[in-house]
Amino acid sequence: MQWETVIGLEIHVQLATQSKIFSGSSTAFGAEPNTQASVIDLGFPGVLPVLNEEAVRMAVKFGLAIDANIDEKSVFARKNYFYPDLPKGYQISQFELPIVGKGYIEITLEDGSTRVIGVTRAHLEEDAGKSLHEDFHGMTGIDLNRTGTPLLEIVSEPDLRSAKEAIAYLKQIHSLIRYLGISDGNMAEGSMRCDANVSMRPKGQKEFGTRAEIKNVNSFRFVEKAINFEVERQIDLLEAGGKVVQETRLYDSTKDETRSMRSKEEANDYRYFPDPDLLPVVLDPAYIQSVRDSLPELPHQKRHRFVEQFNLSAYDADLLSTERETAEYFETVATAAGDAKLAANWVNGELAGALNRDNLELAQSPVSAEQLVQLLKRIQDDTISGKIAKTVFEAMWNGEGDADQIIETKGLKQVSDSGAIEALVDEVITNSPSQVENYRNADDAKRPKMLGYFVGQVMKASKGQANPKQVNQILLRKLNS
Amino acid sequence: MTIERTDVQNAAHLARIAIDENSIDEFTQDLANILALVDQMQAVNTDNIEPMAHPTDAVQRLRPDQVTEVNQREHFQALAPATENGLYLVPKVIE
């Protein structure tokens, strides 16, 4: 049977506020255990949570960026369950009236095509503490510093049809929250966490199959692997005549498999009700407009502009617009060099490759946009060839100076002196009598291909420094005469 | 809406409240009385009335995003049954 994969993602994003969502405790990462947990976070009797205005603003920013409906009124509710890292016995969340309603995210796939994925809702809630299961004399250690850190939970529609689409969506959210400056999106530190609901149905069937939820997978790569494993598992199960059980499963990256964690029946009875400690949040249209006015140009807007303004492929435009820093770097280079395609090739090629190899962020790049511009200008004015430029780039990367300095001190300047090139061409022609004869006997259609041999020889003799255009011209003149 | 003994037991379990086997019937009756009152209120016509999330007709105040709390860990942990290296210790929880 042909199966169709149906995936929905729930993404938790920690908002980059200074203080917690309902208390004045710091949210800084990595502090000594329990030094950032106040009476409110600890759920002492008689305390009152007061909502952080910046958390609200960040949620609204996100909502507007995905064209979502922002209701004038939203309500906080208690989600009741018991776990040691949740001292109150309930998590303050939103249930019936979330701050962000239905919205949309456009994703770009590897072949450059785009799809629109629905976002059901996004709501504000508080994070729980951390349980440390290392052995404390048979007990569990609890650190409540994370308790009360603001979270935005972004729930997608079951619109995703493969692990690849799920990753594209996840990356798009990651890109968006970083553009908006509402989160660093660091998955390794848990500032962005992802649960995936996965189900299968026979192709063409309308009803969804029973889904399993994979919890808290902490990297893009693992999300993809976990989904792929789960798809295989469910297909095997269904084809053997079995049934998928609705349950929560945990992904084990060392074994690359998902395992049953708990069945949903009991765990899901959260008995939500409006939190009497918090009043409805009311946002007036002028406030929402002022947040809208503060939005930067968003990744999908940049992507479309790069295609139109710079004539780039959808694929190049997507790579360049994913990170705000990369987009700005590219635009600086493209504008100053006056050749967007050349700039895109260098930013997505040599620069991205070198950053990747040395595991650096763009902000740490040893080659600045201005330095790259100088290098590209030397390609454009024929001082060096594209091939030599890569050598110069490597030297710039290693801190040996600017492009001009390196070209000068290493003597990499392209030979454009036609006399010198002619001498090299003559030498190659004299030393390759049989190739010359073959060439002269060949018809016009075959000649261009055969010319490559001579160009290669001349370039080799010049140690790559001869101007390839001139080499071509001189060779053609001499061989065709 | 009717309520059974098992509903009471389930609610007690979810709320982690230990109730005496002998008092389950009594609780069932009490809750049935409360639900009867709810039924009575459900009969009132509420068309065109917006549901309230809070009894006072007020709006949530927001606070500026500032760190105002200081570390009081030693103070809080003086009350805890067991601590180590700054962590609260609780009976082992395994998923």
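Just so it is clear, the structure is predicted and the values come from calculations on it, not from any experiment. Every chain is numbered from 1, with letters handed out A, B, ... down the list of sequences.
To the nearest 0.5 Å, atoms CZ (B:Phe76) and CG (A:Leu144) are separated by 11.0 Å. In this structure, CG in B:Leu79 is found 5.5 Å from CZ in A:Phe44, a value given to the nearest 0.5 Å. Distance NE2/B:His54 to CG/A:Leu278: 8.0 Å, rounded to 0.5 Å. Note that CG of A:Asp143 is 11.5 Å distant from CG of B:Asn85, once rounded to the nearest 0.5 Å. In this structure, CZ in B:Arg73 is found 11.0 Å from CD in A:Gln36, a value given to the nearest 0.5 Å.
Of all heavy-atom pairs between A:Pro84 and B:Val90, the closest is CB-CG2, 3.9 Å. Scanning all heavy atoms of the two residues, the minimum distance from A:Pro274 to B:Ala53 falls at CB-O, 3.7 Å. Of all non-hydrogen atoms in B:Leu87 and A:Asn34, the two that sit nearest each other are CA-ND2, 3.6 Å. Nearest heavy atoms, A:His133 versus B:Lys92: O-NZ, 3.4 Å.
When each of B:Pro64, B:Ala11, B:Pro55 is scored by its heavy-atom pairs under 4.5 Å with chain A, the top score falls to B:Pro64.
Applying the side chain to side chain contact (heavy atoms under 4.5 Å, CB included) test between A:Ser26 and each of B:Thr68, B:Val67, B:Asn71, B:Val70 identifies B:Val67 as the sole match. The side chain to side chain contact (heavy atoms under 4.5 Å, CB included) test with A:Ser19 singles out one residue from B:Gln66, B:Arg63, B:Glu69, and that residue is B:Arg63.
Counting heavy atoms from C-beta on, the side chains of A:Asp269 and B:Asn10 come closer than 4.5 Å. A:Phe136 has its side chain out of reach of B:Thr83: every pair of non-hydrogen atoms, C-beta onward, lies at least 4.5 Å apart. Taking 4.5 Å as the limit, every side-chain heavy atom of B:Val59 sits out of range of all side-chain heavy atoms of A:Val281.
At a 4.5 Å heavy-atom cutoff, the contact between B:Arg61 and chain A is made by backbone atoms alone. Heavy atoms of B:Thr56 lying under 4.5 Å from chain A belong to its backbone as well as its side chain. Looking at B:Glu74, there are no atoms closer than 4.5 Å to chain A (heavy atoms on both sides), in backbone or side chain. For a residue to count as touching a neighbouring chain, one of its non-hydrogen atoms must lie under 4.5 Å from one of that chain's; by this rule A:Leu42 touches chain B with the side chain only. The contact between B:Glu84 and chain A is made entirely by side chain atoms (from C-beta outward), counting heavy-atom distances below 4.5 Å.
B:Asp65 contributes no side-chain N or O that, together with a main-chain N or O of A:Thr17, makes up a donor-acceptor pair within less than 3.5 Å. Side-chain atoms of B:Arg16 do not come within 3.5 Å of backbone N or O of A:Gly89 as any donor-acceptor pair.
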Could you check A:Asp85 against B:Tyr88 for side-chain contact (heavy atoms from CB on, under 4.5 Å), going step by step and ending with a plain yes or no? CA-CA 10 Å; A:Asp85 59 22; B:Tyr88 293 92; over 6 Å; no
